[in-house]
Amino acid sequence: QVQLAESGGGLVQPGGSLRLTCAASGFSLGDYAIGWLRQAPGKEREGVSCVSGDDDSTRYADSVKARFTISRDNAKNTVYLQMNSLKPEDTATYYCARMMLTRCSGSYYSVHAYDTFGQGTQVTVSS
């Protein structure tokens, strides 16, 4: 059974850092690109980053570029999202998801590029 499970969310002050973890099971990470998406209250779910399965190429939304870093450990079947210099506008529920491709593409931004989502982890940035 294909499953994704996020962890690592929490409450952090502006300027702080968090590392989110996505544990995958039921498939091999190397065969799929994996994305991180977020959904703020009243807004649509949007992709913020993805990492390819075969060559570790990555993509980032402009809003998180230079602050967030996505990485993967295929041996542990785990994907990470390191978030630095967090801002209040980063507050959202964060989801990891499996893309229907091996390599990231421009479609990573859309929920329609994914076939499996985790349950999400809440990130709140507030003083």
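Index from 1, following the sequence.
- At distances below 3.5 Å, not a single donor-acceptor pair connects side-chain atoms of R59 with backbone N or O atoms of S52.
- One hydrophobic cluster, built from ILVMFWY side chains closer than 4.5 Å, holds both Y60 and I34.
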Item to check | salt bridge (Lys or Arg N to Asp or Glu O under 4.0 Å) between D90 and K87, worked out | outcome: CA-CA 5 Å; D90 294 318; K87 305 175 181 180; over 6 Å; no
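- Each of F27 and L101 belongs to its own hydrophobic cluster when Ile, Leu, Val, Met, Phe, Trp and Tyr are linked at side-chain heavy-atom distances under 4.5 angstrom.
- Smallest separation of non-hydrogen atoms from L29 and A24: CD2-CB, 3.9 Å.
- Under 3.5 Å, the side chains of S57 and D55 contain a donor-acceptor pair of N or O atoms.
- Checking side-chain atoms of T102 against main-chain N and O of Y32 turns up no donor-acceptor pair under 3.5 Å.
- Between the side chains of Q122 and T93, a donor-acceptor pair is found at a separation under 3.5 Å.
- A donor-acceptor contact shorter than 3.5 Å is absent between the side chain of R103 and the backbone of D54.
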Item to check | side chain to side chain contact (heavy atoms under 4.5 Å, CB included) assessment of V2 paired with R98 | outcome: CA-CA 9 Å; V2 174; R98 189 179 78 170; 3.8 Å; yes
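- Side-chain N or O atoms of Q119 include one that pairs as donor or acceptor with a backbone N or O of E6 at under 3.5 Å.
- With a 6.0 Å cutoff to the six-membered ring centre and a 45° limit on the axis angle, R38 does not count as a cation-pi contact of Y95.
- The two atoms that bring L81 and Y94 nearest to each other are CD2-CD2, 4.3 Å, heavy atoms only.
- With a 6.0 Å radius and a threshold of 12 heavy atoms from other residues, nucleotides or ligands, E44 has its CD atom at or below the threshold.
- Figure legend: R19 and Y80 shown as a cation-pi pair, the cationic atom lying under 6.0 angstrom from the six-membered ring centre and within 45 degrees of its axis.
- Taking each heavy atom of V123 and L18 in turn, the nearest pair found is CG1-CD1, 3.9 Å.
- Using modelled atom types and a 3.5 Å distance limit, the side chains of S105 and S107 yield a donor-acceptor pair.
- Judged by distance alone, with hydrogens and angles left aside, the side-chain atoms of R67 form a donor-acceptor pair with the main-chain N or O of S85 at under 3.5 Å.
- Judged by distance alone, the side chain of Y114 and the main-chain N or O of Y108 form a donor-acceptor pair under 3.5 Å.
- Of all heavy-atom pairs spanning V64 and V48, the tightest one is CG2-O, 3.5 Å.
- Nearest heavy atoms, S126 versus P14: C-CD, 3.6 Å.
- Using a distance-only test at 3.5 Å, with no hydrogens or angles considered, a donor-acceptor pair links the side chain of T78 to the main chain of K76.
- Although no hydrogens or angles enter the test, the distance criterion places no donor-acceptor pair under 3.5 Å between the side chain of N74 and the main chain of N77.
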Checklist entry - Stepwise, does the side chain to side chain contact (heavy atoms under 4.5 Å, CB included) test hold for L20 with W36? => result CA-CA 10 Å; L20 305 183; W36 282 97; 3.6 Å; yes
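- For L37 against F117, the heavy-atom pair with the smallest separation is CD1-CE2, 3.9 Å.
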Checklist entry - Yes or no on side chain to side chain contact (heavy atoms under 4.5 Å, CB included) for Q82 and S17, after CA distance, side-chain angles and deciding distance? => result CA-CA 7 Å; Q82 178 66 44; S17 298; 4.0 Å; yes
